[in-house]
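Comments concern the structure below.
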Amino acid sequence: MSLNVHTRWHAFPSQTAIHEAARDRILAAAETAIAQHGNFLIVLAGGSTPKAVYALLAQAKADWSNWHVYHNDERCLPADHDERNSKMAREVWLNHVPIPPQQIHDIPAELGNIAGAKAYTETLKGVRSFDLVILGLGEDGHTASLFPGHAVDNSADAVPVFNSPKPPADRITLSQQRLNNTHEVMFLVTGVGKQAAVDQWRQGVAIPATLIHSPQGVDVYCYGVVLN
Ligand code: 6PG
């Protein structure tokens with residue numbers, strides 16, 4: 001992937017600006033996909049950065065009945081655990097909009113990483129290319145639950161993760177290949193802690209985040225990091 005051609009960096013002047021821009025981008029992607037396919041397939045990121053965007057979406061008007069929601073990764077914890085990505089998304093957003101419940105696809109990580117990954121791979125069987133994959137960036141350059149130093153596992157659409165350096169150790173992630181099977185990719189990156197990972201990325205170092213791209217390239221929405 002050539003940095004200049006495929007990766008578009010967007011610096012925003014405030015938290016509000018980045019959150020609103022991300023919300024608007026998601027709503028626009030939904031309109032385009034629904035016009036084209038009759039539905040919108042979005043893959044959510046966990047972590048703290050997207051949370052404020054999801055809260056804005058809870059207030060937005062959209063054709064919710066045609067949204068289908070997936071997750072890019074999940075932590076192997078009980079379904080109602082506060083650290084579950086699916087719980088966060090439901091509490092701040094999905095419980096407040098009329099997306100049909102059968103169109104919200106949590107990763108069943110409470111089954112453990114092996115059984116849960118198998119089950120989610122079944123869920124994804126026959127699902128067309130995603131329209132929009134949202135991703136966060138970890139301080140070590142990870143994205144979804146693809147961590148530095150871990151072998152890339154493309155053996156299934158959803159794969160187990162062991163020994164994650166970010167707790168909990170057991171996780172489930174969509175594979176690199178399945179994440180890349182998407183029309184668009186948007187990273188949400190906020191906070192000075194992400195500076196080193198951003199610098200590496202922009203210098204062409206192969207951090208896990210650079211594994212993910214789409215035919216439309218990659219948009220990286222940033223706040224609080226300097227784009228040197
Ligand atoms: C998770 C993630 C992870 C996250 C990044 C960024 O479950 O922890 O999906 O990949 O997106 O670590 O997280 P923050 O936005 O909280 O910095």
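Whatever order the structure lists ligands and atoms in, that order sets their numbers, starting from 1.
With a 4.0 Å cut-off on non-hydrogen atoms, Lys194 touches ligand 1 through its side chain and not its backbone. Residue contacts with ligand 1 for Glu139 are absent, since no atom lies close enough (heavy atoms, distance under 4.0 Å). Of the heavy atoms in Asp73, only side-chain atoms (C-beta onward) come closer than 4.0 Å to ligand 1. With a 4.0 Å heavy-atom cut-off, ligand 1 is reached by the backbone of Ala144 but not by any atom from C-beta on.
With ligand atoms numbered from 1 in the order given, ligand 1 contributes 1 (C), 7 (O), 8 (O) to contacts under 4.0 Å with heavy atoms of Arg171.
Shortest contact from atom 15 (O) of ligand 1 to any protein heavy atom: Thr49 OG1, 2.7 Å. In this structure, atom 1 (C) of ligand 1 lies nearest to the protein heavy atom Arg75 NH2, 3.2 Å. Here the heavy atom of the protein found nearest to atom 5 (C) of ligand 1 is His142 NE2, 3.5 Å.
Taking all atoms of both residues into account, the shortest heavy-atom contact from Ala62 to Leu27 is CB-CD2, 3.9 Å.
With hydrophobic clusters built from ILVMFWY side chains whose heavy atoms lie under 4.5 angstrom apart, Val185 shares a cluster with Leu137.
In this pair, Trp201 and Phe187 present their aromatic rings perpendicular. The plane angle is above 60°, beyond the 30 to 60° band.
Ion pairing between Asp170 and Arg75 fails under the 4.0 Å rule for side-chain N and carboxylate O. By the 4.0 Å N-to-carboxylate-O rule, Lys87 lies close enough to Asp82 to be salt-bridged with it.
Some N or O of Gly46 is nearer than 3.5 Å to an N or O of ligand 1, by distance alone. Distances between N or O atoms of Ser145 and those of ligand 1 include no value under 3.5 Å. Residue Leu137 has no nitrogen or oxygen atom sitting less than 3.5 Å from a nitrogen or oxygen atom of ligand 1, judged on distance alone.
In this structure, Arg178 forms no cation-pi arrangement with Tyr120, as its terminal cationic atom is not both closer than 6.0 Å to the ring centre and no more than 45° off the ring axis.
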Using residues 108-117 as the side-chain source, report each donor-acceptor pair under 3.5 Å to any protein atom, sequence neighbours left out, with the distance given to one decimal.
unit_1 : atom_1 : unit_2 : atom_2 : d
Glu110 : OE1    : Arg84  : NH1    : 2.9
Glu110 : OE1    : Arg84  : NH2    : 3.3
Asn113 : ND2    : Val161 : O      : 2.9

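Of the options Gly136, Gly138, Ser48, the smallest heavy-atom separation from atom 14 (P) of ligand 1 is shown by Ser48.
Every pair passing side-chain hydrogen bond (donor to acceptor under 3.5 Å, both in side chains) that includes a residue from residues 141-153 is listed here, sequence neighbours excluded: Asp73-Ser145, Asp140-His142, Ser145-Arg171, Asp153-Ser155.
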